[in-house]
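Structure, as structure tokens:
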Amino acid sequence: MKAYSTKEIRNVVLLGASKSGKTTLSEAMLFEGKVIDRRGSIEDKNTVSDYNELEKINQRSIYATPLYAEYKNVKFNLIDAPGSEDFIGGAYAGFKVCESGILVVNAQQGVEVGTEGALRRVEEKKLPLVIAVNQLDADKADWELTQNSLKEALGGKIINIQFPVGTGASFDGFIDILKMKYYHFKDANGTREELDIPAQFADEAAEAQQALIEKAAEFDDELMEKFFDQGTLSEEEVKKGLEAGILAGEVYPVFCTSGKKDIGVKRLMDFIIDTAPAPSCKEDGPASLFIYKNNVEQHLGEVSYFKVMSGTVNAGVDFEDTATGNKERFSAIYAVAGQKKDSVSSLCAGDFGCVVKLKNGKSGITLAVPGSNISYEKVQYPAPKYRCAIKAKVQQDEQKLGDALKKIAGEDPTIIVEYSKELRQTILSGNGEQHINIVKWILNNDYKLDIELFAPKVPYRETITKVACAQYRHKKQSGGAGQFGEVHLLVCPAEGELNTKFVINGKETQLNVKTQDITELEWGGKLEFYNCVVGGAIDLGFMPAILKGIKERMVEGPLTGSYARDIRVFVYDGKMHPVDSKEIAFIIAGRNAFKEAFRNAGPKILEPIYNVEVMTPSEYQGAVMSDLQNRRGILGDMGADKGFAILKARVPLAELYRYSTALSSLTAGSATFTMEFTDYQPVPGDVQTKLLAEYAAAEQEED
């Protein structure tokens with residue numbers, strides 16, 4: 001392979017809904033780029049992109065696969081990103097390292113929810129984009145339907161570069177409006193002939209050409225002036241205008257393709273060479289790179305995939321992890337096309353490659369020449385939407401399970417594994433149930449571990465709603481020195497202005513604060529602690545022990561063992577012994593006095609509430625709304641966006657287990673959603689009664 005300069009590189013992420021044909025299109029691009037001499041198929045399980053065993057079994061992309069093709073003295077670096085929302089992390093990595101994208105749209109379906117999701121991310125990231133309407137050779141291909149759905153989604157931003165001559169079995173070519181030629185394909189291997197436009201398509205082509213020229217002129221003042229003067233533009237001028245519009249995110253050119261028959265692929269690649277941006281990386285300066293993906297491959301070990309961000313990366317050179325200072329040796333570097341790894345001596349700024357067996361080549365790491373202090377921002381992945389608890393069926397396998405999960409999460413940053421001390425569970429989070437099931441398959445088959453997945457406990461909180469007093473005396477005699485401590489305290493909700501006048505033992509009492517300690521709790525909320533003891537009933541030195549006892553009790557609330565929060569505690573009296581009073585005695589007295597007062601202060605269980613936003617085709621709106629209400633959701637704003645209904649609701653986390661699966665079932669897989677924690681709110685009375693009964697039964701079972 002020749003060494004490509006930065007200007008000779010195009011980095012392109014392939015986006016689109018599942019089954020739109022991204023992998024098949026990439027196969028044709030690799031064929032045209034001479035990386036392969038025979039195109040594989042999803043059905044035959046022999047594509048370059050979907051080479052992982054899981055992908056072959058599922059016949060779909062699960063991982064983002066780096067590919068390359070050499071075409072007309074340009075190196076195309078491609079990332080074939082999965083279309084499913086469950087595996088969306090690959091698309092985010094692609095956005096990070098690619099300067100442009102191809103949105104693949106299934107001609108049988110038009111714009112789908114997966115397409116709409118990709119478009120939202122494209123607009124958010126301001127990624128220059130071209131659209132490939134694929135599968136025009138399929139029996140149910142519908143060009144008009146696809147055109148209408150694209151116009152509804154993107155309005156006047158879309159502009160046709162081509163339109164097909166026939167669809168379905170008769171699709172064997174297209175009219176290219178930019179070239180004003182008819183491209184006819186004679187076989188399924190991309191063999192084409194360039195012909196004059198047939199008479200029956202002449203008027204349609206002329207009308208489309210005029211629209212294309214007008215669109216191109218919008219983004220360049222000189223072109224606009226020439227268009228007004230002469231009424232037309234040359235092909236090169238049209239490309240110049242379109243390039244400006246594409247870079248501005250105001251134009252999405254539309255192409256006709258069949259990845260399966262290699263129709264239209266060369267013209268698509270030609271256009272990307274002419275209009276898509278080359279990397280903006282600096283060719284000079286110190287060498288640096290960003291690792292955007294890593295995984296473990298059989299016979300190779302750990303493979304780290306990177307983009308050269310500046311300078312030139314050479315084999316046999318040492319690099320430094322700029323965050324830790326750790327050194328990494330690049331003994332060899334490779335250009336990548338799926339499993340195919342071609343050794344190269346160097347890679348220029350903007351190029352993609354991989355290296356094997358780094359000591360810590362995890363995704364998100366910046367490596368640079370020592371002393372350069374270069375650092376690049378990590379990929380920002382979306383928050384997970386599915387969480388479950390996980391444990392090994394055999395207790396002795398728990399350590400193996402922990403090690404395996406750490407490796408899996410290292411390869412897939414959208415898998416999050418955490419041990420919750422509060423819940424005493426290992427929580428596994430991902431983008432959906434399919435995503436989690438892939439983890440389960442890997443654990444079963446690659447690590448030979450039997451595991452259980454089940455609903456996680458909910459991180460409830462406990463608080464109080466009223467004022468209550470309690471006292472507790474801890475007295476212990478054990479032959480030698482005894483233990484003695486007595487604490488009288490009052491609790492109330494930590495809300496509003498500080499009030500120190502209360503009725504204690506039937507008498508109105510004004511408490512005078514001597515010292516105070518306000519703690520912002522790590523699990524949210526606060527504890528306010530006020531020392532109001534008069535007359536030396538308890539030495540000031542014992543106050544930290546009382547506070548410690550209260551905090552210990554708040555870690556395991558009296559109602560359900562959940563964290564307690566938002567409470568004011570006033571210690572107003574007590575007793576001590578000149579010999580037997582010790583710190584431990586006041587820890588115990590404080591803890592038990594707090595527990596008793598808490599139970600008498602209108603205790604309330606709080607539950608985490610999430611803001612949920614659902615995007616669904618309008619025909620499923622009623623079903624989705626009804627389901628949210630059945631989940632105790634409170635519906636909020638509703639809207640519409642490009643043919644889809646947008647529903648917002650506040651929903652308890654306890655009701656969201658497996659929601660992604662339920663939503664998919666309700667909407668035939670056509671809806672998507674996001675969820676974000678917002679706050680804690682009291683549970684309804686019937687729910688609290690149920691939770692208290694469940695906790696009591698669990699405690700009894702443990703006893």
Side-chain angles (χ1 to χ4, degrees), residues 11 63-64 66 79 89-90 92-98 279-297 300-334 336 341 344 346-384 399-421 426-430 439 522:
N11 298 321
Y63 305 103
I79 291 185
Y92 278 81
F95 282 122
K96 175 70 176 178
V97 295
C98 293
S280 58
C281 306
K282 295 181 179 179
E283 289 191 74
D284 55 357
S288 67
L289 59 93
F290 177 78
I291 297 176
Y292 63 88
K293 167 186 167 72
N294 72 288
N295 65 351
V296 177
E297 296 186 15
L300 284 178
E302 189 158 320
V303 183
S304 303
Y305 299 88
F306 62 83
K307 177 183 181 180
V308 182
M309 304 298 286
S310 64
T312 299
V313 171
N314 297 301
V317 174
D318 286 340
F319 287 90
E320 180 180 76
D321 182 336
T322 55
T324 65
N326 294 333
K327 300 295 188 294
E328 297 280 9
R329 166 58 65 98
F330 279 33
S331 55
I333 55 177
Y334 303 90
V336 185
K341 311 284 193 297
V344 294
S346 64
L347 293 169
C348 185
D351 211 345
F352 287 11
C354 78
V355 63
V356 299
K357 296 180 181 177
L358 295 182
K359 288 181 289 186
N360 189 32
K362 304 301 181 185
S363 61
I365 288 176
T366 298
L367 295 176
V369 294
S372 59
N373 295 320
I374 298 172
S375 181
Y376 301 106
E377 185 179 350
K378 295 185 177 183
V379 180
Q380 300 299 312
Y381 293 101
Q399 182 62 50
K400 290 180 183 177
L401 174 60
D403 293 341
L405 288 173
K406 184 177 179 181
K407 290 179 181 178
I408 292 169
E411 294 179 39
D412 183 353
T414 61
I415 288 290
I416 299 174
V417 182
E418 57 183 346
Y419 179 77
S420 171
K421 292 188 295 182
T426 298
I427 306 298
L428 178 63
S429 301
V439 175
E522 62 182 83

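On a predicted model such as this, the values are computed, not experimentally measured, just so you know. Throughout, residue positions are numbered sequentially from 1 according to the sequence presented.
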From the options Leu347, Asp351, Val356, Val308, select the one residue that forms a side chain to side chain contact (heavy atoms under 4.5 Å, CB included) with Ile333.
->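 Single pass found, and it is Leu347.
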Rounded to the nearest 0.5 Å, what separation is found between the [atom1] atom of [X] and the [atom2] atom of [Y]?
| X | Y | atom1 | atom2 | value |
| --- | --- | --- | --- | --- |
| Ser363 | Tyr381 | OG | OH | 5.0 Å |
| Tyr305 | Asn294 | OH | CG | 9.0 Å |
| Cys354 | Phe330 | SG | CZ | 10.0 Å |
| Ile365 | Asp321 | CD1 | CG | 5.0 Å |
| Leu289 | Ile374 | CG | CD1 | 9.5 Å |
| Leu367 | Leu358 | CG | CG | 6.5 Å |

Side chains of Thr414 and Tyr92, donor plus acceptor under 3.5 Å = no
Strictly distance-based, threshold 3.5 Å: is any side-chain N or O of [X] a donor or acceptor partner for the main-chain N or O of [Y]?
| X | Y | value |
| --- | --- | --- |
| Ser310 | Pro286 | yes |
| Lys293 | Ala64 | yes |
| Lys341 | Tyr334 | no |
| Asp318 | Lys327 | no |
| Glu328 | Asn360 | yes |

Please step through side chain to side chain contact (heavy atoms under 4.5 Å, CB included) for the pair Lys96 and Glu377, ending with a clear verdict.
-> CA-CA 9 Å; Lys96 175 70 176 178; Glu377 185 179 350; 3.9 Å; yes
Measure across [X] and [Y] and return the closest heavy-atom pair with its distance rounded to 0.1 Å.
| X | Y | value |
| --- | --- | --- |
| Ala349 | Glu283 | CB-CA, 3.9 Å |
| Cys348 | Thr312 | CA-OG1, 4.3 Å |
| Ala368 | Ser288 | CB-CB, 3.8 Å |
| Ile427 | Ser420 | CG1-CB, 4.4 Å |
| Ala332 | Ala315 | CA-CB, 4.2 Å |

Side chain to side chain contact (heavy atoms under 4.5 Å, CB included) between Lys307 and Asn11, intermediate numbers included = CA-CA 10 Å; Lys307 177 183 181 180; Asn11 298 321; 3.9 Å; yes
List the atom pairs, with distances to 0.1 Å, where a side-chain N or O of residues 400-408 and a protein N or O form a donor-acceptor pair under 3.5 Å, not counting sequence neighbours.
unit_1	atom_1	unit_2	atom_2	d
Asp403	OD1	Gln399	NE2	3.1

Contact check, side chains of [X] and [Y], non-hydrogen atoms, under 4.5 Å:
| X | Y | result |
| --- | --- | --- |
| Ile79 | Cys98 | yes |
| Lys362 | Glu302 | yes |
| Tyr376 | Val97 | no |

Measure up the Tyr292 and Phe352 rings against each other and bin them: parallel (under 30°), tilted (30 to 60°), perpendicular (over 60°).
->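 Ring orientation, 0 to 90° scale: tilted.
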Step through the shown structure and confirm whether more than 12 heavy atoms of other residues, nucleotides or ligands are within 6.0 Å of NZ on Lys378.
-> no
Heavy-atom count around Lys357 NZ within 6.0 Å, excluding the residue itself: above 12?
-> no
